[in-house]
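Here, residue 1 is the first one in the sequence, and each next residue gets the next number.
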Amino acid sequence: MAAPPKPARGIRIAIDRGGTFTDCVGNPGSGLMSDDVIIKLLSVDPSNYDDAPLEGIRRLLSRFTGHEIPRGEPLDTSQIESIRMGTTVATNALLERKGEDIAMVVTKGFKDCLEIGNQSRPNIFDLAIRKPEVLYKRVVEVDERVTLEDYAEDPERTKTDFPDAHDADAELVRGLSGETVRILQRPREDEIRKQLQEVYDSGLRSIAVCLMHGYTYPKHEALVGKLAREIGFEHVSLSHELMPMIKLVPRATSACADAYLTPAIRKYIDGFQRGFSGGLGTESVKKAAGMKGARCEFMQSDGGLVDVDGFSGLKAILSGPAGGVVGYALTSYDPETKIPVIGFDMGGTSTDVSRYGSGRYDHVFETTTAGVTIQSPQLDINTVAAGGGSRLFFRNGLFVVGPESASAHPGPACYRKGGPLTITDANLFLGRLLPDFFPKIFGEKEDEGLDEEASRVLFDELTVRINKEVTSGDQASNGKREEMSPDEIAYGFIKIANETMTRPIRSLTEARGHDTSKHRLATFGGAGGQHAVAIAEALGIRQILVHRYSSVLSAYGMALADVVDERQEPESKVWSDEDQGVRKDLQGKMEELKKRSTATLRDQGFDEEQIHFEEYLNMRYRGTESALMVVKPEKGDGDWEFGKAFVKQHEQEFGFTLPDRDIIVDDVRARGIGKTFEPLEKTVDQQLRAIKARDVTGEEKVFGRKSVYFDGGRRDTAIYKLEDLGVGDRIRGPAIIADGTQTIVVTPSASALVIQTHVVINIGEHSGDTEEAKVSTKEVDPILLSIFAHRFMAIAEQMGRALQKTSVSTNVKERLDYSCALFDSSGGLVANAPHLPVHLGSMSTCVQKQAAIWKGKLRKGDVLVSNHPMFGGTHLPDITVITPAFTEGGEIVFYVASRAHHADIGGILPGSMPPHSRELFQEGARIETEKLVSEGKFNEERITELLLHEPAKFAGCSGTRCLADNLNDLKAQVAANQKGINLIGSLIEDYGEEVVQFYMRSIQDNAELSVRNLLKEVSKRFEGKELKAVDYMDDGSPICLSVTIDGEKGEAVFDFTGTGPEVYGNTNAPEAVTYSAIIYCLRCLIKEDIPLNQGCLSPVTILIPPKSFLSPSGTAAVVGGNVLTSQRVTDVVLKAFHACAASQGDCNNLTFGFGGNVAGEEAVRGFGYYETIAGGSGAGPGWDGTDGVHTHMTNTRITDAEVFERRYPVVLREFGLREGSGGRGQQRGGEGVVRDIEFRIPVQVSILSERRVYHPYGLEGGEDGSCGMNVWVRKVPKVEGSGLEDAKTNGHANGGLETEEPQEYRHINLGGKNTASMQAGERIIIMTPGGGGWGPVGKGSESRQHERQDPKHSWRGGSVASRQAEAEASA
């Protein structure tokens, strides 16, 4: 073959350096797909080459120029027009924690802000809590401070003017966002220089700087940056330059990630550039020697390219996957038909999911990758599973896929390295993966193919074990049940894998208000084609697009991508459709951003006509934190009609609007796009319209045949080589289409049509000769049981997402203080999305009581509401909404319920969490049982009466202080329940009512079996001895427990005899709370995912002495029982089982605010705020306790420090770890925290806490953790000679007002439960308890904490990961 003609300058090269393979796509300059050359090589092959991208470029240049370029010779760039790359360098450095050693510079009082994070734990059932390690080696606290002068929750909407902007000493200045900023403490240069010099002298050369409110007032950060550069730091990351958005913790993490990763990237780029004889990048092209320079751009996480000199760590994290999104977006989406596309990228080590619609990329601005929360525009790419390497298990009677991965080494069993069974093995075993088409790179000499025998042997072994376990544990079948074959078992795992991946895909689309069935599925990656049809069918998608370059689509996407320059600035204006001044100011800011972006793009060689912009405003309703990035409406919708566009988008995404609330603009954003190459191919829809399909019949074009397993059994299946098929050929399933890089499985009910750019798979075009097998309810099918476990959980999760989405209050929407669940017809729990542990068993009690009360009286469309402790409630702010579902004949088949914490429901204090309540009525509205909705009609009048007027009838009590939020959240709960009803309705349509009911019962039986097995193991471990424990509430009330286990039956009696009597206080806990605590503890002790349902309690008898404070009367105050006593019950159960030392045993409930509608007084508009505060977790056998984290029965997030100060009249003086508070031991207990809040106006402050008297216990010789303490820093008349600080010099100008008599501040111990009217300038300091230690002090620590890595750590990422973390870690 003759060498191609030597091209003029114009060779275009696109490269994706992945974890396993590096993909290269080269074009001689024609832009035609037919001229493309594709090269695939190993990313790491040190015996042959040092750098895979350089090797790929060498091979492509050799092809295009017609002569072989020797390895090691610098590559001539004079014929290269552009090189575009995506790289995993940053991602790998983050995953493996191999970045640069850095220091973090932060405002004084916040040195531990990243250690604490949002204070939630990643997995609510893991006693050995594992939080990701921070990226920095050292922290420098700078003594500087600014705050925002006004606060968003101010009912008067006060707006402070600032004086002359030119006054250098002004205390009030204007921030970039337009907000008035008060300077409390200016930084001292000499002190900062000294601190930074110490860091430099220690050998660190990269620093991250993030100061409080630096997003709007960056002067102090800029000063630190200037001093750092003068000292000689090689890299300085300033948070306001990287992403000027509010939220201290994500901005600080982002700055750290940038400082940690950028040096590693620069090092890599420098080495890469040395491989060329000409320069790379815009600057080299512009130089006189420009003929030798070539453009070189790197893909950023936002889907845009950036010049090699501007590529930074923060924007490199999703560099590789972003190319794939660009690739399918530009090749699968048609701007005329506007059919949105879901991208499904399943490789060997990860599965990524994304969405493209409306001709624009979906961006998110806060995501978590490898445990690091990043604040930066990123494509919404969600890593949802471990890909083909996902491991297969049979546990507790269920088929389980992942999250553990076999990774690249040893890899699946068939890779000839002794690896475990994986999805890849299942596909190979079933004939869905063809060894002939797979690279022969295995075995000792790396010249062998996949080992089918290794997979078969392991499946045979597993089949024997599963059949043995199922047969021995099968109680339902009297006769001998039919054994499962290895084929059925392997296919069962495939079905579970598809179910596991489908759940997050639904989350991605439905969380944004989109219907999955209205999408196409674009599949790429090596394993995508084997699962695409099943995934599409589960999502209701009818058409799948597989690009011809699907295995190298990330590289191809880079060839098509545009160069992007992002600019963003904070804002704080209230949007107005009438006020042209606001619009003009925002337009002025936008034009300034566009001007700067244009200059950058022109500098990179783009002409004016090549540059265009996407303009965005980041908008939200006042009083919420759910901001939406709203794109400028198209011309037809009116120029700059952002307000209307926001309302429309909010309705779509959240299902409601708030017409009576202001719309706030948080940020102005301009995305400058430099257009590069226009693709020459027709779109998919244009091709489909023009094509004449021709069925390929008989043996025509068949490459071979293979026995392949589909639903119902093995079939003789034709295999086709993709290159043998012509445009217009249609293959009817069953069939396999393969080339050297991918295998596409066409199921019997599908057909595949070959067009110029894609293989288009259409589903359901013909029956495929399959009949739906009837599902038996005589015996339990473990595969179906596993599928139903997923389906039931998915329903509870989707209810939770619907509730979070449509709710209004901060408590539900941001703190995630809610739970949703599904119950059988008797009220027994079937599935509970793991939101709050304290809701786990208690909701079932509530549903069972309501079901009994309303038996025979409910109609379709009725919805019940209750919050009373005697009716299965926990405490009054937790309101439960219950919806029954009926058969056609009017019988109730199941219930769904949602429980949400309402921020206020009246009572004696704002927040409805009074520390000194003695009677239930003092805690707010009491609802025993009511119809919230009657046959579809929302009873607003009655619920308003119950929430607003009834509580105010009691002396000193107010009705709810936020009725509108209560009503909106109750409607959201009703909507979430309806979502659950609809989803189960679909399940019944698919399987029939009898089957769904059967598996509701079976899943409870499965949980019961798991608990029985646990109890048998515990009985053996303690040799049948009775387990006993006692602990005390701070008032001295004992909680006594003895656990007697029957080791033969796997049953246990939890006997609380000896527990103290009902208290005249609020730490009484309804019985439902104890049930929740026991379910939670049992689940923690099992240490594996099991369904959380009524079955968990079937082998357990719980004896609670009547009239004790764990079984209080109907009028007893209980607000502390839910948040304090529940934690102590948990400590006592875990102590009895010798599981771990005590954690902080507390939620540290803080409320403050003012206002209300006390009877006989005029209503006062105000606000209420409620938070719970982290502490230390207890150590255990082989692990240290964790610092600053929520433990056991709660997991709510803390409001970010900057958002806290923007919304409320406070200054957060300190939020850090309380050193020395964790108990010492062989394994130390976790440290508590210090939270120091100064109030800027008079407010009522209440604290409800425990462990202020009795220490969190240590175990096995470990020392106790420290007790907590609550201190009021109070302003009092000065006593001569007291030596205490003078009030006039403490706090800021707005805090300590001058009075005639001298004032001083005294530190007053508030005790564990108290309320106080605090004045401006006064503070509350909450010091939370530490965790107990484990094992005797002095013994060498055997901590394995950091070795026990979360199995999802290596692959989990994206906004759905954040949402899943919310669900798992949640509220």
Side-chain angles (χ1 to χ4, degrees), residues 245-246 302-303 329 333 335 338-342 354-367 377-380 382 506-516 518-519 566 568 570-577 582-583 586-587 590 613-671 801-810 812-814 968 971-972 975 979 1359-1360 1362-1363:
M245 284 180 94
I246 191 168
D302 65 358
Y333 179 80
K338 293 185 165 60
I339 300 171
V341 187
I342 291 171
S354 54
R355 179 185 178 275
Y356 186 80
S358 309
R360 281 188 311 278
Y361 298 108
D362 280 351
H363 286 113
V364 286
F365 294 82
E366 195 175 305
T367 56
Q378 299 187 46
L379 291 177
D380 196 1
N382 294 274
R506 275 207 192 91
S507 173
L508 174 73
T509 45
E510 294 181 7
R512 292 279 178 89
H514 303 296
D515 181 351
T516 53
K518 293 187 167 59
H519 291 67
E566 283 263 6
Q568 185 167 317
E571 190 43 83
S572 62
K573 285 190 172 53
V574 176
W575 176 266
S576 170
D577 287 322
V582 169
R583 195 175 296 207
L586 292 170
Q587 283 173 324
M590 184 71 80
F613 284 92
E614 288 175 4
E615 299 172 38
Y616 297 87
L617 294 183
N618 197 27
M619 308 172 88
R620 63 182 170 85
Y621 283 120
R622 186 187 291 278
T624 73
E625 290 302 321
S626 304
L628 293 173
M629 195 63 78
V630 181
V631 71
K632 180 182 168 184
E634 292 174 9
K635 285 277 192 284
D637 299 329
D639 192 36
W640 260 74
E641 292 295 333
F642 274 99
K644 290 173 185 165
F646 167 76
V647 171
K648 185 177 172 187
Q649 193 171 327
H650 202 280
E651 172 78 49
Q652 181 200 332
E653 200 147 319
F654 300 124
F656 68 94
T657 60
L658 299 169
D660 55 339
R661 292 211 195 181
D662 291 336
I663 296 170
I664 310 290
V665 179
D666 273 344
D667 303 276
V668 179
R669 173 185 170 218
R671 183 173 168 86
R801 277 196 297 278
L803 177 53
Q804 186 194 359
K805 205 172 89 166
T806 55
S807 65
V808 173
S809 70
T810 305
V812 177
K813 206 166 203 66
E814 281 116 46
N968 279 321
K971 286 173 183 173
K979 175 86 172 172
S1359 69
V1360 169
S1362 300
R1363 284 194 284 274

Nearest-0.5 Å distance, [atom1] of residue [X] to [atom2] of residue [Y]:
X      : Y      : atom1 : atom2 : value
Glu615 : Lys632 : CD    : NZ    : 4.0 Å
Leu803 : Lys979 : CG    : NZ    : 13.0 Å
His514 : Asp362 : NE2   : CG    : 6.0 Å
His519 : Arg355 : NE2   : CZ    : 3.5 Å

Run the side-chain contact (heavy atoms from CB on, under 4.5 Å) test on Arg622 and Leu658 for me, step by step, so that the C-alpha distance in whole Å, both residues' side-chain angles and the decisive distance to 0.1 Å come before the verdict.
CA-CA 9 Å; Arg622 186 187 291 278; Leu658 299 169; over 6 Å; no
Taking ring-ring contact (aromatic ring centres under 6.0 Å, His included) as the test, write out the residues that go with Phe613, two or more places apart.
none
Kindly give the heavy-atom pair with the smallest separation between [X] and [Y], and that separation in Å.
X      : Y      : value
Pro633 : Ala645 : CG-CB, 3.8 Å
Ser576 : Arg583 : O-NH2, 4.2 Å
Arg620 : Ala627 : CB-CA, 3.7 Å
His650 : Thr657 : ND1-CA, 4.4 Å

Determine whether His363 and Leu379 satisfy the following criterion, side-chain contact (heavy atoms from CB on, under 4.5 Å), listing intermediate values before the conclusion.
CA-CA 5 Å; His363 286 113; Leu379 291 177; 3.7 Å; yes
Of all residues at least two apart in sequence or in a different chain, which pass the side chain to side chain donor-acceptor pair (under 3.5 Å) check with Ser807?
none
According to the interplanar angle, ranging from 0 to 90°, do the rings of Trp640 and Trp575 count as parallel (below 30°), tilted (30 to 60°) or perpendicular (above 60°)?
parallel
Short question: side chain of Arg669, backbone of Gln568 - any donor-acceptor pair under 3.5 Å?
no
Tyr356 (side chain) donor-acceptor with Ala329 (main chain) under 3.5 angstrom
no
Between the side chains of Asn618 and Asp667, does any donor sit under 3.5 Å from an acceptor?
yes
Before giving the answer on side-chain contact (heavy atoms from CB on, under 4.5 Å), spell out for Phe365 and Gln378 the whole-Å C-alpha distance, their side-chain angles and the decisive distance to 0.1 Å.
CA-CA 6 Å; Phe365 294 82; Gln378 299 187 46; over 6 Å; no
Ile664 vs Val574, test: side-chain contact (heavy atoms from CB on, under 4.5 Å). Steps then yes/no.
CA-CA 5 Å; Ile664 310 290; Val574 176; 3.8 Å; yes
Please determine which of Glu571, Met590, Lys573, Met629 meets the side chain to side chain contact (heavy atoms under 4.5 Å, CB included) test together with Leu617.
Met590
Are any non-hydrogen side-chain atoms of Val647 and Tyr621 less than 4.5 angstrom apart?
yes
